[in-house]
Amino acid sequence: MKILFTASECVPFIKTGGLADVVGALAPVLAKKGHDVRVILPMYTAIAQKWQEQMQYLLDFDVQLGWRRQYCGVQMLKKDGVIYYFLDNKYYFGRPYIYGLGGDEYERYGFFCRACLNALPLLDFSPDILHAHDWQSGMIPALLKIQYAHLPFYAHIRSIFTIHNLQYQGIFGIKDVQDVLGLGDGLWTSDKLECFGCANFMKAGLVYADAITTVSPSYAEEITTAYYGERLDGLIRARHDSLYGVLNGIDVDEYNPETDPLIYKNYTVKDMSGKAENKAKLQKDLGLKVDPDVPLIAMVGRLSNQKGLDLVDCVIGDIMNEKVQMAVLGMGDARYTNLFSWAEQQYRGRLAARFAMDHELAHKMYAGADFFLMPSLFEPCGLSQLISLRYGTIPIVRETGGLRDTVLSYNEYTQEGNGFTFLNYNAHDMLNVIRRALEYYREHTDVIKLLRTRGMKGDYSWTHSAGEYVKLYQKLTGKK
């Protein structure tokens, strides 16, 4: 089949979060299955020079946005069997940030959505499946159905919209979006594009896509409830028959402790001695006391309420009263950078915090830590727990979304499980589970070895999930 991904980010070119990992890993796996897979991205100036030098100019055209006519150039790069197109407009994407600072996100990504569709005939590529990812691409299924589907070139295209995180929806003024995309007054009703008096790119994708997917089976169920549904639960319930939860995978070549060039010492499930060396060197580099007997808990990710950091805030003193070390890596809310800055001073040599997006240090922490703490309020899928399992670092997580689907709490009677979990969003429930994990570390090294081995032997590749996407593509197109 001919498959087109549209997304605002994709590894290895540009990344701010898990969306980039998913698009960058799934596309090559589908290509290896024999499909013609192409990806369209904005041409950000933040894309590394080494990639820009490999791009080939293809063509340019004008995009009509209301009364504006805006230039759009198309650059192309081939990698791992996938063709990547980059839509070039310096006004929209030549900025020193990726998202959110200019107040005109509706226009930037309105341009992107319109340009993706307008580029297809010029590229002579008519996909069977147009797979739009997250709110930045949300208007593409809507525009396709409303303004393009009557044209022969577009008539056969089926669209899928994937929710990576329902919290981020792309909400703007109706007049602003109308002005840019030329969507008539009759479309701004509650059953179409209007959403609580606003325009909502996420809702546009949910209403008009032929199928909706999200990134884990549990999250697909959770978002049909008011608690997780971010005010779109009614719409999602109405489209429940078209909603599929497909669990994310990770790039098992990039995250491979046996070959990873970014970690201190490679190791395998048969010989884990290198893990201890990774821990010792990580402790030294972070200014922690080098001690193999003290368990090290890592946290890597965005510093926000979603990640359950308010629970950590409540009981950080109790956690640090245990014989334990913590290492934190991420950027985000001032509340949490302040918390961990204070904690680093309060618990010198026992807690280290780095406020950065440091890909190399993240790898070192996955490899060097004993436990990985992820007490999320909600988690569409989560990749960090999968990566930690791959490195034999035991996850401690809350049972929500993809965490519930991938981490099973250790059962001392049946010896089943691959980590430690708690259900209620409660700081002391989390604390009790941390204490349980630490008790096993101190007194039951055989269980710790079992969980590490089980984690490293798990299959976290995209192979199965890519097959699920192919089945869905076939269902929509009728192709085999």
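Since this is a predicted model, take the numbers as computed values, not measurements.
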Worksheet item: When the ring centroid of His131 is compared with that of Tyr469, is the distance short of 6.0 Å?
Response: yes

Worksheet item: Under the side-chain hydrogen bond (donor to acceptor under 3.5 Å, both in side chains) rule, what pairs show up with a residue in residues 110-123, not counting sequence neighbours?
Response: Arg114-Gln147, Arg114-Tyr148, Asn118-Tyr148

Discussion item. Quiz question: by atom type and distance under 3.5 Å, do the side chains of Tyr227 and Asp233 form a donor-acceptor pair?
Written reply: no

Fill in: ring pair (Phe, Tyr, Trp, His ring centres under 6.0 Å) involving Phe161 - partner list, sequence neighbours excluded
none

Fill in: Residue pair Met43 / Leu87, side-chain heavy-atom distance below 4.5 Å
no

Fill in: Between OG1 on residue Thr337 and CE on residue Met331, distance to nearest 0.5 Å
9.5 Å

Discussion item. Testing the 3.5 Å rule here: is there a donor-acceptor pair between the side chains of Ser8 and Tyr99?
Written reply: yes

Worksheet item: Counting only heavy atoms not in Asp191, do more than 12 fall under 6.0 Å of its CG?
Response: yes

Practice prompt. Please work out which of the three classes, parallel, tilted or perpendicular, describes the rings of His164 and His133, given edges at 30° and 60°.
Written response: tilted

Worksheet item: Does the side chain of Glu379 come within less than 4.5 Å of Arg404's, by heavy atoms?
Response: no

Practice prompt. Could you tell me whether the side chain of Glu105 and the main chain of Gly100 form a donor-acceptor pair under 3.5 Å?
Written response: yes

Discussion item. So, taking the atom named CD1 in Ile157 and the one named CG in Leu4, what distance separates them when rounded to the nearest 0.5 Å?
Written reply: 8.0 Å

Discussion item. Whether the side chain of Asp62 engages the backbone of Arg69 through a donor-acceptor N/O pair (distance < 3.5 Å, no angle test) should be reported.
Written reply: no

Worksheet item: Of all residues at least two apart in sequence or in a different chain, which pass the side-chain hydrogen bond (donor to acceptor under 3.5 Å, both in side chains) check with Thr463?
Response: Ser461

Response to the item:
Closest heavy-atom pair, Gly417 versus Leu451, reported as atoms and distance to 0.1 Å, is O-CD2, 3.5 Å

Discussion item. Under the criterion ring pair (Phe, Tyr, Trp, His ring centres under 6.0 Å), I'd like the reasoning laid out for Tyr219 against Tyr228: C-alpha separation, chi angles, the key distance, then a yes or no.
Written reply: CA-CA 9 Å; Tyr219 192 60; Tyr228 290 99; 7.2 Å; no

Discussion item. According to salt bridge (Lys or Arg N to Asp or Glu O under 4.0 Å), who are the partners of Arg231, at least two apart in sequence or on a separate chain?
Written reply: none

Worksheet item: In terms of side-chain heavy atoms, does Tyr85 have a donor or acceptor partner in Arg38 at a distance below 3.5 Å?
Response: yes

Worksheet item: For residues Glu107 and Tyr92, is any side-chain donor paired with an opposing acceptor at under 3.5 Å?
Response: yes

Item to complete: Could you list the residues that satisfy side-chain hydrogen bond (donor to acceptor under 3.5 Å, both in side chains) with Ser384, not counting sequence neighbours?
Response: Tyr366

Item to complete: Identify, with sequence neighbours excluded, every residue that meets salt bridge (Lys or Arg N to Asp or Glu O under 4.0 Å) alongside Lys479.
Response: Asp128

Worksheet item: Around His240, counting heavy atoms of other residues, nucleotides and ligands shown, do more than 12 lie under 6.0 Å from its NE2?
Response: yes

Worksheet item: When rounded to the nearest 0.5 angstrom, what is the spacing between SG in Cys116 and CE in Met139?
Response: 14.0 Å

Worksheet item: Distance from Leu262 atom CG to Glu360 atom CD, nearest 0.5 Å?
Response: 5.0 Å

Practice prompt. Run the salt-bridge test on Lys50 and Glu53 with the 4.0 Å N-O cut-off and return the result as yes or no.
Written response: no

List the atom pairs, with distances to 0.1 Å, where a side-chain N or O of residues 13-29 and a protein N or O form a donor-acceptor pair under 3.5 Å, not counting sequence neighbours.
residue: Lys15; atom: NZ; partner: Asp21; partner atom: OD1; Å: 3.2
residue: Lys15; atom: NZ; partner: Asp21; partner atom: OD2; Å: 2.9
residue: Thr16; atom: OG1; partner: Glu9; partner atom: OE1; Å: 2.7
residue: Thr16; atom: OG1; partner: Glu9; partner atom: OE2; Å: 3.3

Worksheet item: Considering residues at least two apart in sequence or located in another chain, which fulfil the salt bridge (Lys or Arg N to Asp or Glu O under 4.0 Å) criterion with Asp179?
Response: Arg68

Discussion item. So, taking the atom named CG in Asp429 and the one named CG in Leu311, what distance separates them when rounded to the nearest 0.5 Å?
Written reply: 9.0 Å

Worksheet item: Are any of the side-chain nitrogens in Asp260 or Arg390 under 4.0 Å away from the carboxylate oxygens of its partner?
Response: no

Fill in: Pairwise side-chain contact, Arg108 with Arg95, heavy-atom cut-off 4.5 Å (strictly under)
yes

Item to complete: Please list all pairs passing the side-chain hydrogen bond (donor to acceptor under 3.5 Å, both in side chains) test where one or both residues lie in residues 152-161, with sequence neighbours left out.
Response: Ser126-His156

Fill in: From CZ (Phe201) to SG (Cys195), nearest 0.5 Å
13.0 Å

Practice prompt. Please examine the side chains of Thr214 and Leu166, heavy atoms only from C-beta on, and report whether any two atoms are closer than 4.5 Å.
Written response: no

Item to complete: Go through the structure and list residues passing side-chain hydrogen bond (donor to acceptor under 3.5 Å, both in side chains) with Asp313, not counting sequence neighbours.
Response: Arg335

Worksheet item: Quick one: does Asp80's side chain have a donor or acceptor within less than 3.5 Å of a partner on Val82's backbone?
Response: no

Worksheet item: Does the side chain of Phe5 reach to within under 4.5 Å of the side chain of Ser137, using non-hydrogen atoms?
Response: no

Worksheet item: Is any side-chain heavy atom of Tyr84 less than 4.5 Å from a side-chain heavy atom of Gln75?
Response: no

Worksheet item: Under 6.0 Å from the NZ atom of Lys32, do we count more than 12 heavy atoms belonging to anything else shown?
Response: no

Worksheet item: Quick one: are Tyr168 and Asp134 in side-chain contact, heavy atoms under 4.5 Å?
Response: no

Worksheet item: Any luck finding a side-chain donor-acceptor pair between Asn200 and Gln169 under 3.5 Å?
Response: yes

Discussion item. According to side-chain hydrogen bond (donor to acceptor under 3.5 Å, both in side chains), who are the partners of Ser242, at least two apart in sequence or on a separate chain?
Written reply: Arg239

Fill in: Minimum side-chain heavy-atom gap Ser376-Val397 below 4.5 Å
no

Show every donor-acceptor pair shorter than 3.5 Å between a side-chain atom in residues 247-254 and any protein atom, with sequence neighbours excluded, or say none if there are none.
residue: Asp251; atom: OD1; partner: Asp253; partner atom: N; Å: 3.0
residue: Asp251; atom: OD1; partner: Glu254; partner atom: N; Å: 3.1
residue: Glu254; atom: OE2; partner: His359; partner atom: NE2; Å: 2.8

